[in-house]
Number of protein chains: 2
Amino acid sequence: MSPRGFSCHDHATCMSDMLERAETRCRDKGLNLTPVRRRTLEILLDEHRALGAYDLLAQLAAEGLGSQPPVAYRALDFLVNAGLAHKIEALNAYVACTHSGADHAPAFLICRGCRAVAEASTAPASGRLGDAARAAGFQIERTVVEAQGLCPDCQQDPAA
Amino acid sequence: MSPRGFSCHDHATCMSDMLERAETRCRDKGLNLTPVRRRTLEILLDEHRALGAYDLLAQLAAEGLGSQPPVAYRALDFLVNAGLAHKIEALNAYVACTHSGADHAPAFLICRGCRAVAEASTAPASGRLGDAARAAGFQIERTVVEAQGLCPDCQQDPAA
DNA sequence: ATCAGGCATGTTATAACATATCAACCCCGA
DNA sequence: TCGGGGTTGATATGTTATAACATGCCTGAT
């Protein structure tokens, strides 16, 4: 499970690490990590928290990489399909994937204070939801598992 | 876990049952189940699947119960806060609660074919996500657990 | 060499989801 | 009767997401 996201870390190394993995992954899978897509991923990695599509778009626009909504949504779709980013349904926002390995069923701890997101893995079909699905004859294709609350830092915060 | 929603049942009885429970619950808690709120719940119960706020609004409007978005959102907020309905985050849509008991941490099986929704319960802090949260010092306040896929009926369907 | 096809991007417009704000009303208790 | 809380009415706007169509660019087949 080892979540990531609420702990201090060498951010520069973390980012370059993840980017490199993303490039390898795309090369291996025949995917085209174009400048807009790469830059979108960089922004997500850099923030290390959930960003709305329009937040991203503003950044991209400021850098001359496109200013209309489809630009952001296309880049995000690509990243999500490539497994390099995830959508946080409870926030309508997006985060970079921090488990750069193979396909996985992600689960998230989402801080309502700072929108920081820690990613963990779930066993999709195991557990009680899987039992319920099997009992009902329901075929699971995708799972959304998100816990909202306060991260250690924000628990200290007066604003909390 | 016993999911509900993909099985045949006596719908009329189911509805009147749930409505009665909702009324009892509101009376006990000093909540005011007004006509708009009650009708909104009825529509959700009747459909037995995820409805968008604007779908609901259209129904309400057709019945002369208000035609502007706030009408629907207020009613839905009330029902969600009262525990009589849930929001399906992955669809930005709403369903009637089928576990009319006390507060619970719901989990959903959502059919992408017909938008039918079965509700189950999760143990919020148990399981692997709870482990990860404790390990990270994260304080969970709310969980979103949603599985998307195909219900038994839609698995047969040619359109699937 | 050229042209068809795929893929990425540019551009405009609009759909779909959600909330802020203020006014009016109604009921109940002081 | 006055005032306050809660509900509704109404207008406007904010936020998130996609449809639809045009353009450019590379590449491989002929």
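Order of the sequence lines fixes the chain letters, A, B, ..., with proteins taken first and strands second; residue numbering starts at 1 for each chain. Note: hydrogens, waters and symmetry copies are ignored here, and every other heavy atom, side chains too, is used. Since this is a predicted model, take the numbers as computed values, not measurements.
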>> In whole Å, I'd like the distance from the CD1 atom of I88(B) to the P atom of dA18(C).
In response: 12 Å
> Taking the inter-plane angle between the rings of Y73(B) and Y94(B) on a 0 to 90° scale, is it parallel (under 30°), tilted (30 to 60°) or perpendicular (over 60°)?
Replying inline: perpendicular
>> Whether S67(A) contacts dG10(C) is assessed here as follows: a side-chain N or O lying under 4.0 Å from the phosphate OP1 or OP2. Is that the case?
In response: no
> L60(A) has an atom CG; how far is it from atom P of dT9(C), in whole Å?
Replying inline: 11 Å
>> Between C1' on dC7(C) and CZ on F78(A), what's the gap in Å once rounded to a whole number?
In response: 12 Å
> Within a reach of under 6.0 Å around CD of E141(B), are more than 12 heavy atoms found that belong to other residues, nucleotides or ligands?
Replying inline: yes
> Is there a side chain to side chain donor-acceptor pair (under 3.5 Å) between R142(B) and Q148(A) once you walk through the steps?
Replying inline: CA-CA 5 Å; R142(B) 177 185 171 233; Q148(A) 294 179 269; 2.5 Å; yes
> Separation of D77(B) atom CG from dC17(C) atom C1', in whole Å?
Replying inline: 13 Å
>> Closest-nucleotide mapping onto DNA chain C: is P70(A) or P70(B) further toward the 5' terminus? I mean the 5' end.
In response: P70(A)
>> Between V36(B) and D55(A), which residue's closest nucleotide on DNA chain D lies nearer the 5′ terminus?
In response: V36(B)
> Looking at H104(B), E146(B), H99(B), which hits side chain to side chain donor-acceptor pair (under 3.5 Å) with H86(B)?
Replying inline: H104(B)
> Rounding to a whole Å, what distance do you find between Q68(B):CD and dA20(C):P?
Replying inline: 17 Å
>> Nearest whole Å is fine: how far is dC26(C) P from N32(B) CG?
In response: 15 Å
>> Measure CG/L79(A) against P/dA8(C) and give the value in whole Å, please.
In response: 12 Å
> DNA chain D: R37(B) or P69(B), which has the more 5' nearest nucleotide?
Replying inline: R37(B)
>> Which residues pass the side-chain hydrogen bond (donor to acceptor under 3.5 Å, both in side chains) test with R27(A), not counting sequence neighbours?
In response: none
> Tell me, which pairs form a salt bridge (Lys or Arg N to Asp or Glu O under 4.0 Å) where one or both residues lie in residues 46-71 of chain A, sequence neighbours left out?
Replying inline: R39(A)-E63(A), E47(A)-R49(A)
>> Ignoring hydrogens, what is the shortest heavy-atom contact between C151(A) and C114(A)? Give both atom names and the distance.
In response: SG-SG, 3.9 Å
>> Need two values: the first and the last nucleotide of DNA chain D, 5' to 3', having an atom under 4.0 Å from any heavy-atom of chain B.
In response: dT7(D) to dT11(D)
>> Rounding to an integer number of Å, can you tell me how far N92(B) CG sits from dA18(C) C1'?
In response: 9 Å
